Asks: 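Here's a structure for you.
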Amino acid sequence: NSDLYDKYLSGEHFCFTDLDIKPFNDFRYIVQSNICNTFTPEELQKLNNKWILVKEVRSWQVYIKLFKNPEKP
């Protein structure tokens with residue numbers, strides 16, 4: 001829940017949102033990866049079963065997935 005601008009002096013304002021604070025369905029897109037275990041099993045099931053997989057990138061056992069909320073245009 002911190003801005004990368006302050007943390008890494010990147011010049012860009014970007015932050016990760018805590019899903020415990022903001023409702024899951026408020027998001028238009030969600031990025032999920034197996035390098036970070038921040039999703040509950042229920043959230044992962046919802047992403048994989050109800051959200052639209054837009055893009056998946058894999059390298060060996062590591063993956064990153066971009067999901068789109070089907071309820072948001």
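All of these numbers come straight from a predicted model, not from anything done at the bench.
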Asks: Flag yes if more than 12 heavy atoms outside Glu43 fall under 6.0 Å of its CD atom; otherwise flag no.
Replies: yes
Asks: Would you compute the distance between atom CD of Gln32 and atom CG of Leu47 and round it to the nearest 0.5 angstrom?
Replies: 6.5 Å
Asks: Enumerate the salt bridge (Lys or Arg N to Asp or Glu O under 4.0 Å) contacts for residues 45-55, please, sequence neighbours excluded, ordered by first and then second residue.
Replies: none
Asks: When rounded to the nearest 0.5 angstrom, what distance separates CG in Asn48 from CG in Leu53?
Replies: 8.0 Å
Asks: Within this structure, what is the CD1-CD1 distance for the pair Ile35 and Ile64, rounded to the nearest 0.5 Å?
Replies: 5.5 Å
Asks: For the hydrophobic clusters of this structure (ILVMFWY residues joined by side-chain heavy atoms under 4.5 Å, transitively), does one cluster hold both Leu44 and Ile30?
Replies: yes
Asks: Sequence neighbours left out, what pairs pass ring-ring contact (aromatic ring centres under 6.0 Å, His included) with at least one residue falling in residues 22-59?
Replies: Phe24-Trp51
Asks: On the six-membered ring of Phe67, is Lys65 placed so that its NZ or CZ lies under 6.0 angstrom from the centre and within 45° of the ring axis?
Replies: no
Asks: Does the Asn49 side chain pair with the main chain of Gln45, one donor and one acceptor, at a distance under 3.5 Å?
Replies: yes
Asks: What are the two closest heavy atoms between Glu56 and Arg58, and how far apart are they?
Replies: OE2-NE, 2.6 Å
Asks: Quick check: does any side chain N or O of Asn34 sit under 3.5 Å from a backbone N or O of Gln61, one acting as donor and the other as acceptor?
Replies: yes
Asks: Which heavy atom of Val54 sits nearest to which heavy atom of Lys68, and what is that distance?
Replies: CG2-CB, 3.6 Å
